Structures are given as structure tokens and as C-alpha cells.
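What follows is one structure encoded as C-alpha cells, with my remarks underneath.
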Amino acid sequence: MDKNKNVRVRFAPSPTGYIHIGSLRTALFNYLYARNTGGKNILRIEDTDQTRLVEGAVDNLVNSLELLGIEFDEGPDRGGDKGPYYQSQRLEIYRKYCQELLDKKAAYYAFETPEELEEMRRMQQLEGRQTMYDGRALNLTDEEVKANLENGIPHVIRLKVPRDEEIRFNDLIKGTIKIDSNVIDDQILIKSDGFPTYHLANVIDDHLMEVTHIIRGEEWITSVPKHILLYRALGWEVPVMAHVPLILNPDKTKLSKRQGDVAVEDYLRKGYLKEALVNFIAMLGWNPGEGEEQEFFSMKDLTEKFSLEKVQSSGAVFNVDKLNWMNNSYIKNYDPERLLDLSLPYFRDTGVDVSDREHTMKILLAIRVYLNKLNEIPEHTKIFTQDKAELTDEKLKEYLTAETTKTVFSELIRQLENTEVLTAEIYKEKINEVQKLTGIKGKLLFKPVRIALTGSENGPDLPSVAEILGKEKVIKFLSVWT
RNA sequence: GGUCCCAUCGACUAGGGGUUAGGUCGUCACUCUUUCACAGUGAAAACACGGGUUCGAAUCCCGUUGGGACCGCCA
């Protein structure tokens, strides 16, 4: 186990406006690994695509991650001596190293237009070959290149990939991976707008920021050889690689918007507790192993137990049912005061008087067992706010019009009118009293009362419901049927 | 199509030469609760297939099949 203090990992998202669940897990694993090893967790913003900039995305990203308990030691908003941490502010650096690659003949200029390239790919596809740049610009003489440059012809800079060579690397999660250099594309390193592509920028930054371990999604695996070529050309050491498997849709394809929510913000907004979300995401692809059967882990537990060796090598389906179960467990066991604070926004349009904290708390505690997520609060508060109990099913009326019901209700009302305040305890006493006096019991006694009070034949514990409703309302609801 | 990755119940996974293949979600049944839910108990449910290696393979090797990712002047 690697416990040395020099570990430096990075989370390097592009600021597209929201955090994908898959990104969250990558960020989480980086954070856990950094904390577990006593290393540093770095945030770097990969904003080299000028066409995809989103206003305020970085703030949102940092806020959301910190809210979830994922902290950074270096990054755009907290500095560090390896900055700047925005790639868009590092253009000079990329240019410098790209020149070095050019000088070393490890990269070359190319002048094709996007249209030309598209045509080239179309032909390749027609012939059933793999689409990749055919290296035509390599045929340009130095003079031609120079002339093109002087004439201001738009150009890119490409990586010159050697032929007939096997590139291999060792991945901490996947093991040894070998790729034939003949299938590696002459990747564009600098785009015609002067910005670097991911491939160039990430190699340079990882080196300069002294990143020791690259932990990222599996979708990057096929571009690793390009990166290795870059490291090699620049004479740099390649960081340790750890490619974590993808998070999948139920149909096993890469988790996508099409099949449900993918943004962390969506889950938070729906009222998944951050502890549950983190716990669940961590267990997707990682587990402590060694026969450990615990499923609930705090962030602290996770940082103590996490290791890259225990990360699964196959993809994991994102199972909302299990997330719901886990979130419900957290809700049931959460500190009531904190849970109430978090729940308040979800009470907003329910008609519950949230200024009465004690009252709101009673409702929350009565219904929390039903909640998979906080945004389900409104559908469970109706019974406490309605002015008359609306029947969920017309058939329930049978109970209310039953002969015995009138007797029960009249007696219960009489009993209740003699009480000061109605508590759950008192309700229990009174209903027992009614049973004794009327001789009516069982279903005939309890069901009509529940239905008259809530409109439904099931729901939270009736004495609690009665207490929350209060004496006036209970009597009023019962009176309707006498 | 090419390259790469992956393969234990429906899902998440433990186990990594000898196990009645264990746990969790979900499903079903029962118990509890005069309701539903919760809780508890129990059940059904998996080593993709074929070859090796071995006394012995879910476990190691090879192949097949299946699934996925990537093949952009996106990251």
C-alpha cells in the first residue's frame, strides 16, 4: 500500500455547468485516495474548449463538491504554487512545450480544413477502415510549411506517432495494457484557435503540477498511448494510471441523460442526503473487501478504508432502488434537528406552518419512514393540512356509513370534548374508553376513525396523527359523519 | 468495422485452486403492528460457454460468445 506523503492527484473537469454522477465518483475516488495516503488533491479546470464555456460553472462545481465533503488542497479558488489552475490561463506554457515537440520532430504542422478531414474520414469509412488522420501534411517540405505559416493559413499541430511499435503501460485497476502504435491517431495537440487539446494540456499540466497518480474514467484508456508518447518525447516520467470503470444505465450503456438524471445537482435537489449519495457512489465500483459486509460508511470511514486495489474492474449499473433504500436509511437515522433544517424547503408549498417548528417536527418524524427522498414530503403531508378528509377511494365510504360508525364517532367526540389538549397518549386512552363503552372493536372501531381523519385506510400511527391534527380538527372531521 | 476493456443471483458485490458459493438492494412468503410502512424471520435467485493446466477449477491459461468504451480542431 502506497502511504507516501508525496501523492498528488487531480480532478480535472471541464466546466460544462453541472457535475455528472460519473464525475462525482472520479472526484470522490481522487479525494479518498489523497486523504488515505496523506497526499494532495488538486482541482484543475480544463476549459480549453472555447465553444463550451458555461458561465458560473466553476463556482457551481466547487460548491457542489465541497457541499458533498470533497475538498481540494489546490485549485482555482484556493491557489497553490503550481497554478494557474485554469488551463485557459496556461496557454503560454503549452506553446512553449509544443515548440519543443516541434523542434524534436515529435510534432508537425498540418493545414487541412475541417471539411477536408471530414471527407477523408468519409472515404475511410466507405472502405471500412478505421478513421484516422493519414499523415498527409508530413509530405510538406519545410519550405512549404514555412510559406503556409507566413501566409497565415489556419493550421493545427499534430503529434507524430511512430509506426510499428507496441505501447504498453500498467494500470492499477486494469493491469497491463498494450496498444499497437499503428492504430494511434496523429492527435491534434494545438487547435487552429491556438488552444491546446485535452491530450497536450493534460500531459503538460500533470507533469508540471507533479501529479503522481492519474485517477479518471475508463473512457480515457484508449488515449493513454498518445499521452505516453508525449511524456516520452518531453523526457518526462509517466504518472501511475488508474482507470475506474464506468457507471452504467440499467441497460449497461454508459450512464446518460436519456435514461434518468445524471447531474449531482438533480439528486441533491430531489432531497437525497449528501451522506447517502457519497456512500452510495463510493460503493459503486469499490468495496472494502476481505469479507467486510458493512454497507454504511461515513466520509471519514471511506478515507480510512479506501484503496485503488479494491476498485472493481468492471462497470457498475446505477441502481436507483438501492440509492433510495440507502437514502431512506439515512433519513430514518438522521439527527432530527438537522433533518428538519434540510427538510424545511420541501415543506414550502404543503400548507404546513413551518414557523411552528415543533409542529413541523412532529409531522416530519411521523412521515420520515416513508421518505426515500425529501421531495416526497408533500405527498405525505396532505393528511395533516386538508380541511376535509378526501377519500382516496370511494369504496372507503362504506366504513364511514356503517351503522356502528355513528356510534363510535359520537362517543369519541364526546370523550374528546372533555379533554384539554389532545396528545397521542390521551387519544389512546379515549379510543379504549370508546371501545369499552360501545362494545365495538377491531376493524369496525379503528378503520372508520382513520378514514374519517385522513381519507385513507393506511398511513402513520393514528394516535400521532390525531395529536398532530389537534382536538378541533379531529372533532370536526368526525362530526361530518355523525 | 478497427482497437482496447470487461464477465459471480435481475442489480451492487464477497470469495481468487478443495466453500452447503456469503452479504446488501429488489422480489415473494411469514411474524410483528388492529392500517400501510418500519422491524424481524425465511424463500426463490449467480460462477456465460468450450477447451486446457491440476488429484481437484467459480478461482490459473487459451479460445468462443456476450456486453461496453473509444475511434472529433470535445473533454
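As the structure is a computational prediction, the values presented were derived from the model and not from experiment. Scope of the values below: all heavy atoms of this structure, side chains included, with no hydrogens, waters or symmetry mates.
OP1 or OP2 of B/A14 lies within a sub-4.0 Å distance of a side-chain N or O belonging to A/Gln312. Contact between the side-chain N/O atoms of A/Arg121 and the OP1/OP2 oxygens of B/G2 is not found at any separation under 4.0 Å. Within the 4.0 Å cut-off from OP1 or OP2 of B/U13, not a single side-chain nitrogen or oxygen of A/Asn287 is found. Between A/Arg52 and B/A75 there is no side-chain polar atom (N or O) within less than 4.0 angstrom of OP1 or OP2. Between A/Lys310 and B/G15 there is a side-chain polar atom (N or O) within less than 4.0 angstrom of OP1 or OP2. Contact annotation: A/Lys252 does not reach the phosphate of B/C6 (side-chain N/O to OP1 or OP2, under 4.0 Å). A sub-4.0 Å separation between OP1 or OP2 of B/G72 and a side-chain N or O of A/Thr131 is present.
No N or O donor and acceptor, one from the side chain of A/Thr222 and one from the base of B/C70, sit under 3.5 Å apart. In the interface, the side chain of A/Lys322 is paired with the base of B/U24 through a donor and an acceptor atom under 3.5 Å apart. For A/Tyr370 and B/C38, a side-chain-to-base donor-acceptor distance below 3.5 Å is absent, hydrogens and geometry of angles not being considered. With hydrogens and angles ignored, a donor-acceptor pair under 3.5 angstrom links the side chain of A/Gln435 to the base of B/U34.
Nucleic acid contact class of A/Val156 (heavy atoms, under 4.0 Å, all strands): base. Contacts of A/Ser456 with the nucleic acid, taken as non-hydrogen atoms under 4.0 Å apart, are absent. Nucleic acid contact class of A/Pro154 (heavy atoms, under 4.0 Å, all strands): none. Backbone-only contact: A/Glu218 has heavy atoms under 4.0 Å from sugar-phosphate atoms and none from a base. A/Lys447 comes within contact range of no nucleotide atom at all, as no heavy-atom separation falls under 4.0 Å. Using a 4.0 Å heavy-atom criterion, one finds that A/Gly217 contacts no nucleic acid atom at all. Using a 4.0 Å heavy-atom criterion, one finds that A/Ser223 contacts no nucleic acid atom at all.
Checking B/G42 for Watson-Crick or G-U wobble geometry (two distances, each under 3.5 Å) identifies B/C28 as its partner. Pairing for B/U34 is absent, with no Watson-Crick or G-U wobble pair whose two atom distances lie under 3.5 Å. Shown here, B/C60 forms a base pair with B/G52; the pair counts as Watson-Crick or G-U wobble because both key distances fall under 3.5 Å. Nucleotide B/U65: paired with B/A7 (Watson-Crick or G-U wobble, both distances less than 3.5 Å). Of the nucleotides present, B/C71 is the one that pairs with B/G1 by Watson-Crick or G-U wobble criteria, both distances under 3.5 Å.
When distances run from any side-chain atom of A/Thr253 to the nucleotides B/A7, B/A69, B/U34, the shortest one goes to B/A69. Listed candidates were B/A75, B/U13, B/C6. Nearest to the side chain of A/Ala316 is B/U13. Side-chain atoms of A/Gln130 lie closest to B/G2 of the nucleotides B/G2, B/G72, B/A75. Closest to the A/Asp461 side chain, of the nucleotides B/U35, B/A39, B/U3, is B/U35. Distance from the side chain of A/Ile221 is smallest to B/C4 among B/G72, B/A75, B/C4. The nucleotide whose nearest atom lies closest to any side-chain atom of A/Ser314 is, among B/C6, B/C70, B/C5, B/C6.
Using a 30° and 60° split on the angle between ring planes, A/Phe11 and A/Phe72 fall in the parallel class, below 30°. A/His213 and A/Tyr33 have tilted rings, their planes meeting at an angle from 30° to 60° on a 0 to 90° scale. Ring-plane geometry between A/Trp220 and A/His199 is classed as perpendicular, the angle between the planes exceeding 60 degrees on a 0 to 90 degree scale with a lower cut at 30.
If you check the side chains of A/Asn328 and A/Lys332, you find a donor sitting under 3.5 Å from an acceptor. Under 3.5 Å, the side chains of A/Tyr272 and A/Asn372 contain no donor-acceptor pair of N or O atoms.
Of the P atoms belonging to B/A57 and B/C5, the separation is 28 Å, rounded to the nearest Å.
Here the OG atom belonging to A/Ser223 is positioned 7.5 Å from the CD atom belonging to A/Gln187, to the nearest 0.5 angstrom.
Look at CD on A/Glu309: it is 17 Å from C1' on B/A14, rounded to the nearest Å.
At distances below 3.5 Å, not a single donor-acceptor pair connects side-chain atoms of A/Thr350 with backbone N or O atoms of A/Pro378.
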